[in-house]
Amino acid sequence: MYYECIPTTCTYCGCGCSVVLQVLDGHLVGVLPGKTNPVNEGSLCIKGWTSHEFVYREKRLKNPLVKKDGVFFETGWEEALDTVAGKLKKIKEESGADSIAALASAKCTNEENYLMQKLMRAAIGTNNIDHCARL
Amino acid sequence: MFGSGAMTNSIAELEDSKCIFIIGSNTSEAHPLIANRILRAKAKGAKIIVADPRKIHIAFYADIHVRQNLGTDVALLNGIMNIIISKGWQAREYIEARTENYAVLQESVANYPPEKVSEITGVSVQDLNAIAEAYAKAPSASIVYAMGITQHTTGVDNVKSLANLAMLCGRVGAESCGVNPLRGQNNGQGACDMGALPNVYSGYQRVDDEEVGKKFDAAWGAQLSRKPGLTLMDMMHAIEEGQVRALYIMGENPVVSDPNRAHVESVLKKVEFLVVQDIFMTETAQYAQVILPGVSFAEKDGTFTNTERRVQRVRKAIEPVGNARPDWQIICSLSDMIGYPMNYNEAGEIQDEIKSVTPSYGGITYARLDGDGLQWPCPTSEHPGTKFLHKERFTRGRGLFSAIAFKPPAEASDNEFPLMLTTGRNFVHYHTGTLTRQSRSLDDEQKEGYAEINPLDAHKYGISKRDRIKVVSRRGAIEIKPEITGRVPEGILFIPFHFAEAAANALTIDALDPVAKIPEYKVCAVRIEKVA
Amino acid sequence: MEALKNKVNELLESGGIAGFLGLRNFGSEPFPFLFTRDTAAEVEKITTGAVRYPLSKILIRIAAVYPDAIFGIMCRACDERAIIELFKNTKLRSDKVITIGISCTDDLVQACKCENPQPSNLVSGEAGKKEFDRSDVQKIASMTLEQRFDFWTEQLGKCIKCYGCRNICPVCFCDVCTLEDQPLVKRGEIPPELPSFHLTRAYHMAGRCVDCGLCEEACPVDIPLRTLYRRVRESVKELLDYLPGEERDKVPPIQVLGDGLFEIRD
Ligand code: SF4
Ligand code: SF4
Ligand code: SF4
């Protein structure tokens with residue numbers, strides 16, 4: 001028997017409201033508005049109030065997928081990451097770092113965006129990094 | 001301009017502004033928890049001005065609502081400035097003390113007398129005067145804008161014109177004033193701040209600056225390229241020409257979000273190696289060779305930066321679903337395997353590194369983010385964060401006026417495509433719908449795409465609300481349900497872009513702003529047909 | 001506060017309750033938390049403060065998973081009123097809930113215009129003074145019909161259909177919500193159809209609304225929702241002689257049938 005509330009930040013628009021995730025026995029069961037946050041002061045919009053609902057949808061991807069002959073197969077992390085790392089290294093050797101490009105995301109965290117550009121710039125060696133939400 | 005693409009002021013300050021000029025922002029639907037501040041300002045006596053072709057929700061609470069022709073914002077703003085200068089309402093001392101190039105502005109807006117502007121924009125001279133007076137004379141005045149300003153071939157011109165107007169009236173660097181872009185996505189600000197851009201590292205430090213380059217070489221222990229990389233649109237072209245062979249997409253769905261869907265799909269089919277990291281099988285992921293399952297915001301630690309530059313915590317509440325992994329851990333593993341080890345035990349350690357190489361985030365640690373978060377710039381561990389920017393001076397020193405000439409949108413209506421299409425959001429959904437359409441309540445609230453069409457147009461084409469219509473542009477065609485409403489003026493169609501099966505972006509044009517490379521989602525020419 | 005902590009520890013240790021639902025400081029902010037024997041160390045971080053979350057509504061969710069367990073709950077007077085209605089509507093069982101009363105500061109009582117801030121079984125603090133302030137209801141009653149119409153049109157027109165008023169309300173507990181009934185309220189547009197969305201909710205609060213004001217606190221666009229529901233509450237008192245939450249032993253005059261329907265008992 002365990003119930004707690006974890007304050008976090010809404011995953012939708014740029015307002016950045018504080019949403020409080022209700023967790024019951026390890027499961028996300030609902031959302032409450034952060035009451036003291038200076039952005040939303042105890043309110044949310046329809047999206048914030050339902051921001052937990054997509055998390056457990058059956059359609060969530062639960063394992064890495066690799067395409068063989070046009071069809072996706074589930075696989076383990078080792079194999080999937082091996083395939084990606086191997087292929088990127090090979091393309092870099094053959095055609096240079098600038099033949100690789102990446103798109104980071106306005107939906108991911110700061111830390112992830114930072115690491116993505118670091119991956120491209122330091123590990124691969126190219127500045128071909130952008131994201132889809134130019135304002 | 002005066003640098004940086006963030007809100008100059010804070011969300012809470014809007015409440016005490018005495019005049020709020022909203023242009024190109026459907027605030028109540030796209031940024032509801034900012035719209036409420038605007039309504040509060042009104043209750044406290046502020047004048048609300050809305051410039052939007054559609055009669056959006058916030059327009060019902062406007063003192064002045066004008067419905068300018070699509071893509072005529074530069075003319076509208078020049079016209080307003082023309083009036084302000086001719087009446088002598090500009091902030092003379094401020095212009096003198098804090099800006100440069102005023103003569104150039106004066107000369108260029110002289111070409112936009114109210115009558116001419118009225119002709120271009122469809123806004124009456126009387127309304128132009130009223131806006132100019134309300135904005136220039138209020139004790140404090142804020143400008144609020146969003147994608148309705150930026151998603152044009154003249155997006156940068158539009159933004160510069162807003163900066164001109166704000167500086168002309170001394171509205172930058174003061175409480176409850178400023179120029180305030182509202183970011184469409186939760187972490188659009190953070191993605192830019194963190195250097196997910198081809199020309200800058202985190203904190204907008206230029207990759208082609210030798211000094212900066214050396215700093216990052218040392219910090220990251222690598223010999224880094226000084227050559228700016230490709231933008232998204234350039235990547236697409238480079239793939240077509242065979243110069244880019246591998247593309248790694250994390251958490252984006254360009255097939256639905258980018259203009260000219262058919263083109264994006266052909267590019268993704270062409271690229272030799274496509275990796276997509278996401279939490280659902282998106283329209284984009286279908287084209288991948290490898291799909292890596294990331295996690296939702298509820299399953300990981302980190303930070304988001306909102307549109308007022310406030311860095312706030314994201315906290316892990318539950319374990320990852322299935323065998324999915326936090327995106328930051330996936331990147332670390334990949335990097336290790338490529339031969340560049342990344343060792344972080346937890347997300348907070350990444351922030352510690354960000355802080356050490358990014359001056360504007362220099363004082364930000366997880367411990368300090370407890371509670372309200374911090375607004376950058378926050379350069380040191382004692383710094384309280386920054387409520388509004390440019391208080392004493394602009395980032396670049398003096399604020400620079402620029403002469404902006406009106407240019408019509410890339411596409412105009414003609415005999416073949418007699419209607420104009422604009423796109424945007426609905427209050428229920430978010431972006432490409434990847435998340436919101438998987439949410440039961442939201443899906444129930446709004447299940448399918450629709451095209452708003454004016455009753456006069458509906459009558460003209462013999463369309464009733466039970467029909468389905470086909471909307472055709474030079475790039476593609478979609479079938480969709482009509483929503484007959486006076487919200488759109490005659491001659492204009494509006495389609496929200498959340499619905500992949502009725503994707504507005506199958507129709508939109510991929511003409512870009514020459515500087516910002518943002519596509520003109522907000523204007524293109526279409527025709528409609530009733531589906532038999 | 002020490003008295004509260006002691007009481008909670010005592011109940012947990014004696015096995016009198018399986019868990020205690022209250023507020024815990026998470027960093028610098030209070031959020032709902034279920035204190036159990038396993039997490040007894042957290043009792044140190046228990047807090048009362050001025051921040052209110054719908055604890056009774058949260059308890060419905062927890063109790064549904066643990067129907068046989070007995071729970072303690074931190075209770076302001078408004079929480080207690082809600083719990084009384086939840087007992088009557090069989091959403092909670094009175095033999096499975098122990099209320100631990102906490103007092104409200106005079107400031108909070110005033111801000112809430114709370115007519116009865118005194119919970120039973122008070123463990124922490126002194127009971128606040130009652131605040132009889134009907135000025136909001138009176139102000140609207142004194143308007144002409146036309147003025148009233150304009151006032152509500154302007155106020156309700158601000159609605160962005162967040163459903164927050166419903167989501168946070170401790171006595172909004174139906175499995176199927178009439179506000180989502182497409183023929184009644186057209187979906188997918190803001191403001192939601194006037195006045196059907198708001199009047200539907202107001203009717204449904206008849207005989208249930210305990211005047212806690214959480215709905216108004218959660219409304220992003222500052223609609224004076226509570227004033228509307230207070231008027232409904234007063235009508236129910238006048239017409240059916242029932243004041244929700246105040247009358248432990250009276251059968252409620254309006255029965256909620258669970259799928260959005262309700263009927264008046266004879
Ligand atoms: S709750 Fe609504 S307004 Fe607030 S951040 Fe989320 S989507 Fe934006
Ligand atoms: S005041 Fe509002 S939240 Fe409280 S019981 Fe009444 S309707 Fe529900
Ligand atoms: S809380 Fe306010 S905005 Fe939200 S649905 Fe209720 S009345 Fe409308």
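Order of the sequence lines sets the chain letters (A, B, ...), proteins ahead of strands, with each chain counted from 1. Here the structure is a predicted model, which is why all the values come from computation and not from measurement.
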Participant: In terms of heavy-atom proximity below 4.5 Å to chain A, should B:Ala285 be classed as side chain, backbone, both, or neither?
Facilitator: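 It is the backbone, since no side chain atom gets that close.
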
Participant: Taking side chain as everything from C-beta outward and backbone as N, CA, C, O, which of these in B:Met337 sits under 4.5 Å from a heavy atom of chain A? Side chain, backbone, both or neither.
Facilitator: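 Its backbone and side chain both get close to chain A.
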
Participant: Can you say whether B:Ile11 sits under 4.5 Å from chain A via the side chain, the backbone, both, or neither, judging by heavy atoms?
Facilitator: side chain

Participant: Which residue out of B:Gly221, B:Ala288, B:Pro320, B:Ala12 racks up the most heavy-atom pairs below 4.5 Å with chain A?
Facilitator: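 The answer is B:Ala288.
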
Participant: Looking at B:Phe216, I'd like to know if the NZ or CZ of A:Arg121 sits under 6.0 Å from its six-membered ring centre while staying within 45 degrees of the ring's axis.
Facilitator: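 Judged by the rule (NZ or CZ under 6.0 Å from the ring centre, within 45° of its axis), A:Arg121 is not positioned above B:Phe216.
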
Participant: I'd like to know whether A:Phe54 forms a side chain to side chain contact (heavy atoms under 4.5 Å, CB included) with B:Arg437, so could you lay out the CA-CA distance, the side-chain angles of the two residues, the decisive distance to 0.1 Å, and finally the verdict.
Facilitator: CA-CA 8 Å; A:Phe54 68 85; B:Arg437 296 190 76 198; over 6 Å; no

Participant: Is A:Glu111 paired with B:Lys300 through a side-chain N to carboxylate O contact shorter than 4.0 Å?
Facilitator: no

Participant: Looking at A:Gly34, A:Ala97, A:Pro7, A:Gly125, which one has more heavy-atom pairs under 4.5 Å with chain B than the rest?
Facilitator: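 Result: the option with the highest number of such pairs is A:Pro7.
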
Participant: Heavy-atom distances under 4.5 Å only: say whether A:Lys68 touches chain B with side chain, backbone, both or neither.
Facilitator: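 Neither the backbone nor the side chain of A:Lys68 comes within 4.5 Å of chain B.
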
Participant: Would you mind telling me which of B:Thr358, B:Asp193, B:Asn187 makes a side-chain hydrogen bond (donor to acceptor under 3.5 Å, both in side chains) with A:Asn110?
Facilitator: B:Asn187

Participant: Which atoms of B:Val276 are under 4.5 Å from chain A, going by heavy atoms: the side chain, the backbone, both sets, or neither?
Facilitator: neither

Participant: Determine yes or no for a side-chain-to-main-chain donor-acceptor pair under 3.5 angstrom, with A:Ser105 supplying the side chain and B:Glu252 the backbone.
Facilitator: no

Participant: Could you tell me which portion of A:Glu78 (side chain, backbone, both or neither) has an atom closer than 4.5 angstrom to a non-hydrogen atom of chain B?
Facilitator: both

Participant: Counting only heavy atoms closer than 4.5 Å, note whether B:Val314 contacts chain A via side chain, backbone, both or neither.
Facilitator: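 Both the backbone and the side chain of B:Val314 come within 4.5 Å of chain A.
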
Participant: For A:Arg60 versus B:Gly294, what's the shortest heavy-atom pair and its separation?
Facilitator: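 So the minimum-distance heavy-atom pair works out to NH2-O, 3.6 Å.
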
Participant: So for B:Tyr361, is it side chain, backbone, both, or neither that comes closer than 4.5 Å to the heavy atoms of chain A?
Facilitator: side chain

Participant: Any chance the side chains of B:Arg245 and A:Ser99 put a donor and an acceptor closer than 3.5 Å?
Facilitator: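 Per modelled atom types, B:Arg245 and A:Ser99 side chains form no pair under 3.5 Å.
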
Participant: State whether the side chain of A:Glu112 and the backbone N or O of B:Trp328 hold a donor-acceptor pair below 3.5 Å, judged by distance alone.
Facilitator: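 At least one qualifying donor-acceptor pair exists.
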
Participant: B:Asn199 versus chain A, heavy atoms under 4.5 Å apart: side chain, backbone, both or neither?
Facilitator: backbone

Participant: Where does B:Arg37 contact chain A at under 4.5 Å (heavy atoms): side chain, backbone, both or neither?
Facilitator: side chain

Participant: Using a 4.5 angstrom heavy-atom cutoff, name the option from A:Lys47, A:Glu94, A:Met120, A:Lys89 with the most pairs to chain B.
Facilitator: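 Most heavy-atom pairs under 4.5 Å with chain B: A:Lys47.
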
Participant: Under 4.5 Å heavy-atom distance to chain A, tell me which part of B:Gln243 shows up: side chain, backbone, both or neither.
Facilitator: backbone

Participant: Given heavy-atom pairs under 4.5 angstrom as the criterion, report whether the side chain, backbone, both or neither of B:Met342 touches chain A.
Facilitator: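 Answer is side chain: those atoms of B:Met342 sit under 4.5 Å from chain A.
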
Participant: Please classify the contact between A:Val23 and chain B as side chain, backbone, both or neither, with a heavy-atom cut-off of under 4.5 Å.
Facilitator: side chain

Participant: Strictly distance-based, threshold 3.5 Å: is any side-chain N or O of A:His131 a donor or acceptor partner for the main-chain N or O of B:Ala191?
Facilitator: no

Participant: Would you say the side-chain atoms of A:Lys67 pair up with the backbone N or O of B:Gln286, donor to acceptor, closer than 3.5 Å?
Facilitator: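 Here the side-chain-to-backbone pair exists.
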
Participant: Relative to chain A, which segment of B:Gln277 carries a heavy atom at a distance below 4.5 Å: side chain, backbone, both, or neither?
Facilitator: neither

Participant: Measuring heavy-atom distances to chain A, does B:Glu349 have an atom under 4.5 Å in its side chain, in its backbone, in both, or in neither?
Facilitator: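 Neither part, no heavy atoms under 4.5 Å.
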
Participant: Just so I understand: if I count every heavy-atom pair under 4.5 Å between each of B:Ser10, B:Ala30, B:Ser296, B:Ala222 and chain A, which residue has the most?
Facilitator: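 Sorted descending by pairs with chain A, the first entry is B:Ser296.
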
Participant: Hey, are the side chains of B:Arg310 and A:Val39 touching, using non-hydrogen atoms and a 4.5 Å cut-off?
Facilitator: yes

Participant: Evaluate the side chain to side chain contact (heavy atoms under 4.5 Å, CB included) criterion for residues B:Val321 and A:Tyr56: first the C-alpha distance (whole Å), next the side-chain angles of each, then the deciding distance (0.1 Å), finally the verdict.
Facilitator: CA-CA 7 Å; B:Val321 169; A:Tyr56 294 120; 4.1 Å; yes

Participant: Out of A:Thr75, A:Asp82, A:Ile124, which one racks up the most heavy-atom pairs below 4.5 Å with chain B?
Facilitator: A:Asp82

Participant: Considering only heavy atoms, which portion of B:Glu445 lies under 4.5 Å from any heavy atom of chain A: side chain, backbone, both, or neither?
Facilitator: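 Contact with chain A is through the side chain of B:Glu445 alone.
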
Participant: What option among B:Val271, B:Ile34, B:Asp278, B:Leu334 has the most heavy-atom pairs under 4.5 Å with chain A?
Facilitator: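 Ranked by heavy-atom pairs under 4.5 Å with chain A, first place is B:Leu334.
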
Participant: Chain A heavy atoms under 4.5 Å from B:Glu272: which part of the residue, side chain, backbone, both or neither?
Facilitator: side chain

Participant: If you tally heavy-atom pairs under 4.5 Å against chain A, which of B:Val311, B:Ile338, B:Asn253, B:Thr305 wins?
Facilitator: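 Most pairs with chain A among the choices: B:Ile338.
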
Participant: Looking only at the side chains, is there a donor atom on one of B:Gln312 and A:Asn37 sitting less than 3.5 Å from an acceptor on the other?
Facilitator: yes

Participant: Taking A:Asn127 for the side chain and B:Val207 for the main chain, is one N or O donor matched with an acceptor at less than 3.5 Å?
Facilitator: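 Judged by distance alone, no pair lies under 3.5 Å.
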
